[in-house]
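Below, all heavy atoms of this structure are taken into account, side chains as well, without hydrogens, waters or symmetry copies. Because the structure is predicted, anything quoted here is derived from the model rather than measured. Per chain, numbering begins at 1; letters A, B, ... match sequence-line order.
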2 protein chains.
Amino acid sequence: MSRQVSETENDHGAADEFVPDYLLYLLAAASESASAQFHAQVRKAGLRVPEWRVLACLSDRDGTMITQLARVALAEQSRLTRIIIQMEDRDLVIRRSDPKDGRRVRVFLTEKGREVVSVLVPMARQHEASLLELLRTNEGATLKPALKSLLAALEENGKKEFP
Amino acid sequence: MSRQVSETENDHGAADEFVPDYLLYLLAAASESASAQFHAQVRKAGLRVPEWRVLACLSDRDGTMITQLARVALAEQSRLTRIIIQMEDRDLVIRRSDPKDGRRVRVFLTEKGREVVSVLVPMARQHEASLLELLRTNEGATLKPALKSLLAALEENGKKEFP
DNA sequence: CTAAAATATATGATTTTTCATATTATTTGG
DNA sequence: CCAAATAATATGAAAAATCATATATTTTAG
């Protein structure tokens, strides 16, 4: 005899359903859900998510060009151009065209941008640690390597199709 | 002596960088990258991504209400309302208010919607299989369980904060 | 050396998305 | 039973994202 289940009670993963076991759903949902809390902190710091990503990327490599920033920030080029302009208006970054290649625009952290990112990166690290603590140790240990493998394999795969 | 590395050559994961080893980046990037090819097929089928997600969700549970669809399709409620209206205009779904609770709008697949999803789900399954083949077997086997654990843990966590 | 192709960024116009809030319906506490 | 609280959906206005394409620069082929 099966008990009555309320409509709103979410019984994820019911036996034979497609979505709850579908890799692309799991990836997107995990990304969304895992990011939610930290992204709320990002917004409290007065940044939008792609802006935080830009700052983080620049803290790794100052002077990255727009196209590369777009890749890492997972945003379209034309969108990233506008985001960078807005960030420049708020004195978070400055743009300088590359002397070796005038097409390229290199983006650098300002002092203010550096301060902001120096607060956020430690927060991100701490949040990541708390996420990994949620997982049983063995799963936590495999998740990142598996994602990296997947990304690397997809990149290889992409190269094959456009050689 | 280290060789000269071109600017555009993406040397992911350089020793001491933050972003390439950051879980939220890996999740978002893996989700994006893994989805890209299949989502291109979805668009060729004349659907936007959230529309495909709605159809997939309805093929699991016909008559799901807007709020629940929004959760699974990872879209905001007001956006999903509009998406459903557009899908109704294209005769992919129909809406019926719940007789037991007049606030709820239940969404059902039409014959046409059922046909579309019956083509796309097998494509999705095949694409998923090809993704998992890209991973070394042991990693492929751990990825989905790890993502599910993470999602489950995050859900538990969320409940604690709003009891 | 030069014309054509490729690359990097910017921009205008349109479409999406979001945010706040209105509307309608149900539940709950007194 | 009623008033207030809660819940589900809809909607208008504003912000953001996308698409196609323009502009500027560098590379490549001949």
Side-chain angles (χ1 to χ4, degrees), chain A residues 6-10 28 32 35-36 39-40 42-44 46-54 57 63-90 93-108 162-163, chain B residues 6-10 28 32 35-36 39-40 42-44 46-54 57 63-90 93-108 162-163:
Chain A
S6 107
E7 190 74 42
T8 42
E9 200 176 312
N10 45 5
E32 273 269 302
S35 304
H39 286 177
V42 167
R43 280 184 287 271
K44 272 181 200 155
L47 297 175
R48 288 174 300 174
V49 172
E51 294 174 332
W52 142 247
R53 287 176 174 157
V54 163
C57 179
T64 301
M65 55 192 248
I66 303 266
T67 310
Q68 291 176 2
L69 288 173
R71 269 195 270 283
V72 179
L74 306 171
E76 251 218 341
Q77 176 267 313
S78 71
R79 190 186 164 196
L80 202 23
T81 290
R82 290 183 230 254
I83 285 172
I84 294 296
I85 291 170
Q86 295 169 347
M87 290 176 79
E88 190 166 43
D89 291 344
R90 285 186 284 148
V93 300
I94 54 174
R95 301 187 294 164
R96 282 174 27 211
S97 91
D98 186 327
K100 305 274 174 98
D101 185 339
R103 294 169 299 182
R104 297 179 172 181
V105 172
R106 298 203 167 274
V107 184
F108 297 87
F162 310 104
Chain B
S6 108
E7 189 76 41
T8 41
E9 199 175 315
N10 46 5
E32 274 268 303
S35 304
H39 287 177
V42 167
R43 279 184 287 272
K44 272 181 201 156
L47 297 175
R48 290 175 299 173
V49 172
E51 294 173 333
W52 143 246
R53 287 177 174 157
V54 163
C57 178
T64 301
M65 56 191 246
I66 303 266
T67 310
Q68 290 176 3
L69 288 172
R71 270 196 269 284
V72 179
L74 306 171
E76 253 218 340
Q77 175 266 314
S78 71
R79 189 185 165 199
L80 201 23
T81 289
R82 290 184 231 254
I83 285 173
I84 293 297
I85 291 170
Q86 294 168 348
M87 291 177 78
E88 189 166 43
D89 291 344
R90 285 186 284 147
V93 300
I94 53 173
R95 301 187 293 165
R96 281 173 28 210
S97 91
D98 186 327
K100 304 273 176 102
D101 184 340
R103 294 169 301 183
R104 297 179 173 180
V105 172
R106 300 205 165 271
V107 185
F108 296 86
F162 310 103

List the residues meeting side chain to side chain donor-acceptor pair (under 3.5 Å) with [X], not counting sequence neighbours, and say none if there are none.
{"X": "A/Arg43", "result": "none"}
{"X": "A/Arg82", "result": "none"}
{"X": "B/Ser35", "result": "none"}
{"X": "A/Gln86", "result": "A/Arg48"}

Query raised in the report: Is the closest side-chain heavy-atom distance between B/Ile94 and B/Glu88 below 4.5 Å?
Result: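 Heavy-atom side-chain distance check passes, below 4.5 Å.
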With side chains defined as the heavy atoms from C-beta onward, is the minimum distance between B/Arg95 and B/Ile84 less than 4.5 Å?
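In short, these two side chains touch, coming nearer than 4.5 Å.
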What does the list of N/O pairs under 3.5 Å between the protein and nucleotides 10-14 of chain D look like, with a distance for each?
unit_1, atom_1, unit_2, atom_2, d
D/dA10, OP1, B/Arg95, NH1, 2.5
D/dA10, OP2, B/Thr81, OG1, 3.1
D/dA10, N7, B/Gln77, NE2, 2.9
D/dA10, N6, B/Gln77, OE1, 3.3
D/dG12, O6, B/Arg82, NH2, 2.2

For nucleotides 22-29 of chain C, 5' to 3', base contacts (B), sugar-phosphate-only contacts (S) and non-contacts (-) with protein non-hydrogen atoms under 4.0 Å give ---BS---
[X] [atom1] to [N] [atom2], straight-line distance once rounded to whole Å:
{"X": "A/Ile83", "N": "D/dT18", "atom1": "CD1", "atom2": "C1'", "result": "12 Å"}
{"X": "A/Arg106", "N": "C/dT9", "atom1": "CZ", "atom2": "P", "result": "8 Å"}
{"X": "B/Leu69", "N": "D/dA8", "atom1": "CG", "atom2": "C1'", "result": "13 Å"}
{"X": "A/Arg104", "N": "C/dA6", "atom1": "CZ", "atom2": "C1'", "result": "13 Å"}
{"X": "B/Arg43", "N": "D/dT18", "atom1": "CZ", "atom2": "C1'", "result": "11 Å"}
{"X": "B/Arg96", "N": "D/dA8", "atom1": "CZ", "atom2": "P", "result": "19 Å"}
{"X": "B/Leu80", "N": "C/dT16", "atom1": "CG", "atom2": "P", "result": "15 Å"}
{"X": "A/Ile84", "N": "C/dA8", "atom1": "CD1", "atom2": "P", "result": "16 Å"}

task = Kindly write out the residues that satisfy salt bridge (Lys or Arg N to Asp or Glu O under 4.0 Å) with B/Glu32, not counting sequence neighbours, or none if the list is empty.
result =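 Checked B/Glu32 against salt bridge (Lys or Arg N to Asp or Glu O under 4.0 Å); zero matches.
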Taking only residues two or more places apart in sequence, or in another chain, which ones meet A/Arg90 in a salt bridge (Lys or Arg N to Asp or Glu O under 4.0 Å)?
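Counting only residues at least two positions away or on another chain, A/Arg90 forms a salt bridge (Lys or Arg N to Asp or Glu O under 4.0 Å) with A/Glu51.
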OG-CZ distance between B/Ser97 and B/Arg106, expressed to the nearest 0.5 angstrom: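 Answer rounded to 0.5 Å: 10.0 Å.
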Contacts under 3.5 angstrom, residues 73-81 of chain B side chains, donor-acceptor by atom type, not counting sequence neighbours:
unit_1, atom_1, unit_2, atom_2, d
B/Glu76, OE1, B/Ser78, OG, 3.4
B/Gln77, NE2, B/Thr81, OG1, 3.1
B/Thr81, OG1, B/Gln77, O, 3.3

**OP:** Heavy atoms only: give me the nearest B/Lys100-B/Asp98 pair and the separation to one decimal.
**Re:**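 Looking at all heavy atoms of both residues, the shortest contact is N-OD1, 2.7 Å.
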* Just report the end-to-end axis angle for the helix from C/dC1-D/dG30 to C/dG30-D/dC1, five pairs per end, to 10 degrees. =>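 Taking five pairs per end, the axes differ by 30°.
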